[in-house]
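Report on the following structure.
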Amino acid sequence: PVPVTVRCRWGAAAAAHPVAQRLLAIRDAKRSNLCVAADLCDAADIMRLCEQIGPLICVLKVHADTVDNWTAETASALRAAADRHNFLLFEDRKFADIGHTVVCQASGGVHRIVAWADLINAHGIPGRGVVDGLRQACQASGRAVGLLLVAQMSSKGNLIDSAYTERCLAMAREARDLCIGFIAQERLDDTGELLVMTPGVQLAAGGDALGQQYNTPADVIGCRGADFIIVGRGIYGATDPCQAARAYQAAGWAALTDASSR
Ligand code: 6AU
């Protein structure tokens, strides 16, 4: 069969950044556009989840600052699991400060994010300084790291409007050496070169008690043009996370191949 990357504008092969290329290669090799949000508080629980679902995912997303017992060993163990199971590591720190501060947040502190993460994200609100600071931190790390700008959010009543999203798109286009796409609820760039990862996904639409809003994989990929789905509680909160991950992988992949053959 013709690889999805060749046939479709969803995540076009033109994506030039090495991390985008790796991400698309993993997606096609594993037939998975599933990113799992491993929002668990205990490092051992995250590692257990990794081993269960590693073969089914293309990205594992963590919030290192919510892990009670995070140490440098947690980062090494995650890195080893990512390399063994062939998935990328995404630290969802949502940087949102002046350039000088984000350099320290990305490279220092307890978490030393750019020493192990393949993907990071940031809000565009501070202006281009946030991107310049993250570029400096990534360059100093000597590792290839891809940035996703949070151009839209899934939460009810969030303050992002279409003008802000447009400006995030412009920021990303000016920073193609670092920025590989967006956290967003729909495709923003129709060249397909800037990828879209969409959170707020479950197999049934709905929400939680604190404003999270869920759409289905078919909706976010098939109707809105996302490339990747980000699923947290739908998987780690399931009785059988492995079976749930299989269901999301199948639904995400079916939606992508369906959309790209249209
Ligand atoms: O599936 P859930 O609701 O359990 O988890 C969704 C995950 C969480 C959020 O911190 C994150 O996705 N997220 C983000 C990201 C990835 O940046 C943005 C957003 O708008 N909504 C959202 O839920 O780890």
Side-chain angles (χ1 to χ4, degrees), residues 23 33-42 45-46 49-50 53 56-67 70 78 87-97 102 105-106 111 113 117-125 130 134 145-162 164-165 168 171-172 179-188 194-217 219-221 224 226-239 241 244-245 247-249 251-252:
L23 178 58
N33 56 345
L34 173 61
C35 166
V36 169
D39 295 338
L40 298 162
C41 309
D42 187 80
D45 289 342
I46 296 178
L49 182 69
C50 258
I53 63 169
L56 307 170
I57 65 175
C58 61
V59 178
L60 187 88
K61 186 179 81 61
V62 294
H63 286 292
D65 59 0
T66 66
V67 178
W70 182 279
L78 276 173
F87 59 76
L88 299 186
L89 286 178
F90 175 6
E91 163 49 45
D92 185 2
R93 174 63 182 74
K94 295 188 186 70
F95 297 99
D97 214 320
V102 299
Q105 290 173 327
H111 300 113
I113 292 166
D118 302 298
L119 291 167
I120 54 174
N121 56 356
H123 286 292
I125 188 79
V130 69
L134 292 172
V145 181
L147 171 67
L148 299 160
L149 283 179
V150 182
Q152 290 174 331
M153 291 197 74
S154 59
S155 46
K156 198 170 183 175
N158 73 74
L159 304 183
I160 294 177
D161 61 14
S162 56
Y164 179 87
T165 301
C168 288
M171 263 174 95
C179 189
I180 69 161
F182 307 98
I183 298 296
Q185 295 294 307
E186 61 187 341
R187 174 152 299 286
L188 302 180
L194 287 159
L195 304 170
V196 173
M197 300 189 72
T198 299
V201 174
Q202 287 205 347
L203 290 175
D208 72 6
L210 294 173
Q212 174 69 300
Q213 303 177 112
Y214 292 114
N215 293 303
T216 64
D219 183 33
V220 302
I221 294 171
R224 303 172 192 228
D227 297 292
F228 297 89
I229 51 172
I230 299 177
V231 182
R233 283 164 285 180
I235 290 176
Y236 72 77
T239 329
Y248 279 96
Q249 178 198 2

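Position 1 is the first residue of the sequence; numbering continues from there. Both counts, for ligands and for their atoms, begin at 1 and track the order of listing. Computation of the quantities below employed the complete heavy-atom set of this structure, encompassing side-chain atoms and omitting hydrogens, waters and symmetry-equivalent molecules.
Ranking protein heavy atoms by distance to atom 1 (O) of ligand 1, first place goes to Gly232 N, 2.9 Å. Nearest non-hydrogen protein atom to atom 8 (C) of ligand 1 is Asp39 OD2, 3.3 Å. Closest to atom 16 (C) of ligand 1, if we only count protein heavy atoms, is Asp92 OD2, 3.3 Å. Nearest protein heavy-atom neighbour of atom 21 (N) of ligand 1: Ser154 OG, 2.7 Å. Closest to atom 2 (P) of ligand 1, if we only count protein heavy atoms, is Tyr214 OH, 3.5 Å. Remark: minimum distance from atom 6 (C) of ligand 1 to any protein heavy atom is reached at Gln212 NE2, 3.7 Å.
At a heavy-atom cutoff of 4.0 Å, ligand 1 is contacted by the side chain of His63 but not by its backbone. When heavy-atom distances to ligand 1 are checked against a 4.0 Å cut-off, Pro199 comes that close only through its side chain, counted from C-beta outward.
Applying the side chain to side chain contact (heavy atoms under 4.5 Å, CB included) test to Ala117 and every residue at least two apart in sequence or in another chain returns Glu91, Ile113, Ile120. Looking at residues two or more places apart in sequence or on another chain, you find a side chain to side chain contact (heavy atoms under 4.5 Å, CB included) between Thr216 and Ala218, Asp219.
Side chains of Asn33 and Asp227: no donor on one and acceptor on the other come within 3.5 Å. If you check the side chains of Gln212 and Ser154, you find a donor sitting under 3.5 Å from an acceptor.
Judged by the shortest distance from any of its heavy atoms, Phe90 lies outside the 4.0 Å radius around the atoms of ligand 1. Close to ligand 1: Lys61, with a non-hydrogen atom less than 4.0 angstrom away.
Under the 4.5 Å side-chain criterion, counting only non-hydrogen atoms from C-beta, Tyr236 is not in contact with Ile53.
The heavy-atom pair separating Pro241 from Leu49 by the smallest distance is CB-CD1, 3.9 Å. For the residue pair Val196 and Ala184, the shortest heavy atom distance occurs at CG1-O, 3.9 Å. Closest non-hydrogen pair, Tyr248 versus Gln202, comes out as OH-CA, 3.2 Å. In plain terms, the two heavy atoms of Ala251 and Leu203 that are nearest each other are CB-CD2, 4.1 Å. Smallest separation of non-hydrogen atoms from Gln185 and Gln152: N-OE1, 2.7 Å.
For ligand 1, the atoms lying closer than 4.0 Å to a non-hydrogen atom of Lys94 are 10 (O), 14 (C), 15 (C), 17 (O), 18 (C). Listed by number with element, the atoms of ligand 1 under 4.0 Å from a non-hydrogen atom of Asn121 are 17 (O). Per-residue contacts place Met153 under 4.0 angstrom from the following atoms of ligand 1 (heavy atoms of the residue considered): 19 (C), 20 (O). Residue-ligand proximity, Arg233 to ligand 1, at heavy-atom distances under 4.0 Å covers atoms 1 (O), 2 (P), 3 (O), 4 (O).
Residue Ser155 has no nitrogen or oxygen atom sitting less than 3.5 Å from a nitrogen or oxygen atom of ligand 1, judged on distance alone.
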